[in-house]
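Single-structure report; data block below.
Because the structure is a prediction, the values reported are computed rather than measured. Side-chain atoms are counted along with the backbone in the values below, which use heavy atoms only and exclude waters and symmetry mates.
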Amino acid sequence: MRLCGKQILFLQSNFMTDLFKLADKIFNSRLIIGTGKYRSHQEMKDAHTASGAEMVTVAVNRVPLDKKTESFLDYLNPQMQILPNTAGCYDAEHAIRTARLAREALETDWIKLEVIGDKVTLLPDNEQTLEAARILVKEGFVVLPYFSDDLIMAKKLLDVGCPAVMPLAAPIGSGLGVQNPANLKIMREQLPNATIIVDAGVGVPSDAAIAMELGADAILMNTAIAEAQDAAQMATAMKLAVQAGRLAYLSGRMPKRLYASASSPIEGAIK
């Protein structure tokens, strides 16, 4: 079926009004960006601008809390929602302390919760993450937990009060893309009302588009943009990929078929 002009305009209008709501805030962009690995602060700033992102995550453990020296914080758009993260924490206790420090230093209750279970793969410790999430939610934090793409753990994290869950696509910084699309699809189908943000592992725009086509509400990425030869250009590409993937998901894909199906019907054709 071909879309007519009115249908295309309807889809475009629907996409423009398809805002991303997270906790008590509304965003136009479904791309969340990071601050690490850039070759310069200015390069980071240019990439952020090109991405159109309205939320930026910062590792609390690398923030100069005294603010007496210049840092990447000076190059952040003040209009962006800062999302501190607990990168570098290997148990719930450390993550909780880091979150509390972030609230004091950066004046926000938002926290991206990371509790790593292995120093080589940087895969998350889901059990420690759940323990930390339970405590931080009770303390009034808006907890966005990074975890393995596990449906049962997603349910548990939502049950303790997390407003969203952040399953990985692949190991942090790997650029491998979505390794378990079935898991993300199942999570979307089983948790239709949950906010799902794919985090970690995206390498190229097609990875971002695939994640969004599977039903992710948003994507968080850092390395794919920061380590690109032209970070700002890659940020633009990622912005467009996220938009395309979201619009494709809203449109509803065609069914897969084992055999060919003619694009042009032959009924009524000239003989």
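The shortest heavy-atom contact between A228 and A224 is CB-O, 3.6 Å. A208 and V242 get closest at one heavy-atom pair: CB-CG2, 4.2 Å. When all heavy atoms of I116 and Y146 are compared, the closest pair comes out as CD1-CE2, 4.2 Å. Nearest heavy atom pair, residue A133 against residue V160, reads CB-CG2, 4.3 Å. Closest non-hydrogen pair, A235 versus A50, comes out as CB-CB, 4.1 Å. Nearest heavy atom pair, residue A226 against residue Y38, reads CA-CE2, 3.6 Å.
The backbone N or O of T121 sits less than 3.5 Å from a side-chain atom of D118, completing a donor-acceptor pair. A side-chain donor-acceptor contact under 3.5 Å links Q128 to the backbone of A92. For the pair E54 (side chain) and N28 (backbone), a donor-acceptor distance under 3.5 Å is present. Put simply, the side chain of T98 gets close to the backbone of H94: a donor and an acceptor are under 3.5 Å apart. At least one donor-acceptor pair closer than 3.5 Å links the side chain of T86 to the backbone N or O of E114. With hydrogens and angles disregarded, no donor-acceptor distance shorter than 3.5 Å links the side chain of D149 to the backbone of N183. In this structure a side-chain-to-backbone donor-acceptor pair under 3.5 Å is missing from S261 to R257.
Cluster annotation: L168 is not connected to V202 through the hydrophobic network of ILVMFWY side chains, with a link wherever side-chain heavy atoms come within less than 4.5 Å. Linking Ile, Leu, Val, Met, Phe, Trp and Tyr whenever their side-chain heavy atoms come within less than 4.5 Å leaves M166 and F141 in two separate clusters. Cluster annotation: V56 is connected to L31 through the hydrophobic network of ILVMFWY side chains, with a link wherever side-chain heavy atoms come within less than 4.5 Å. Hydrophobic clustering (side-chain heavy atoms under 4.5 Å, transitive across Ile, Leu, Val, Met, Phe, Trp, Tyr) groups M80 together with M238. A chain of hydrophobic side-chain contacts below 4.5 Å, direct or via other Ile, Leu, Val, Met, Phe, Trp or Tyr residues, connects M55 to V142.
Side-chain contact between I197 and V165 is absent, with no heavy atoms from C-beta onward closer than 4.5 Å. Two residues are said to be in side-chain contact when any heavy atoms from C-beta on lie closer than 4.5 Å; M153 and F147 meet this criterion. Put simply, the side chain of L184 reaches to within 4.5 Å of the side chain of V178, judged on heavy atoms. Between I172 and L123, every side-chain heavy-atom pair lies at or beyond the 4.5 Å cut-off. M187 is listed as a side-chain neighbour of P167, based on a closest heavy-atom distance under 4.5 Å. Considering only heavy atoms from C-beta on, L106 comes within 4.5 Å of P84 through its side chain. Looking only at side-chain heavy atoms (C-beta outward), N85 and V60 stay at 4.5 Å or farther from each other. Annotation: side chain of L191 is in contact with side chain of K155 (closest heavy-atom distance under 4.5 Å).
Donor-acceptor pairing under 3.5 Å is recorded for the side chains of T223 and K37.
Between the CG atom in D125 and the OH atom in Y90 there is a gap of 11.5 Å [rounded to 0.5 Å]. Once rounded to the nearest 0.5 Å, the distance linking CG of L83 with OG1 of T108 reads 7.5 Å. Between E131 atom CD and N126 atom CG the span is 13.0 Å, to the nearest 0.5 Å. With rounding to the nearest 0.5 Å, the separation of CD in Q229 from CZ in R39 is 8.0 Å. We find the CE-CG distance between M234 and D230 to be 8.5 Å, quoted to the nearest 0.5 Å. Here the straight-line distance linking atom CG of L22 with atom CZ of R30 works out to 10.5 Å at 0.5 Å rounding.
Residues that satisfy the salt bridge (Lys or Arg N to Asp or Glu O under 4.0 Å) test with E127, not counting sequence neighbours, are absent from this structure.
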*Stepwise, does the side-chain contact (heavy atoms from CB on, under 4.5 Å) test hold for E213 with R253?*
CA-CA 9 Å; E213 288 168 14; R253 66 154 293 145; over 6 Å; no

*Give the C-alpha distance, both sets of side-chain angles, the deciding distance and a yes or no for side-chain contact (heavy atoms from CB on, under 4.5 Å) between L176 and Q179.*
CA-CA 7 Å; L176 291 173; Q179 294 298 288; 3.5 Å; yes

Pair up each side-chain donor or acceptor in residues 214-222 with any protein partner under 3.5 Å, not counting sequence neighbours, and list the distances.
unit_1, atom_1, unit_2, atom_2, d
D217, OD2, R188, NH1, 2.8
D217, OD2, I196, N, 2.8
N222, OD1, T35, N, 3.1
N222, OD1, G36, N, 3.2
N222, ND2, G36, O, 3.0

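Counting heavy-atom neighbours within 6.0 Å of E107 CD, excluding the residue itself, gives a total of 12 or less. Counting non-hydrogen atoms of neighbouring residues, nucleotides and ligands closer than 6.0 angstrom, the NZ atom of K156 reaches no more than 12 such neighbours. Surrounding CD of Q233 are at most 12 heavy atoms belonging to other residues, nucleotides or ligands under 6.0 Å away.
Salt bridge absent: E104 and R100 never bring a charged side-chain N and a carboxylate O closer than 4.0 Å.
Checking L76, I225, N77 one by one against H48, the side chain to side chain contact (heavy atoms under 4.5 Å, CB included) holds for a single residue, L76.
In this structure, M254 shares a hydrophobic cluster with no other residue, the cluster being traced through Ile, Leu, Val, Met, Phe, Trp and Tyr side chains under 4.5 angstrom apart.
Ring geometry for Y75 versus H41: interplanar angle of 30 to 60°, hence tilted.
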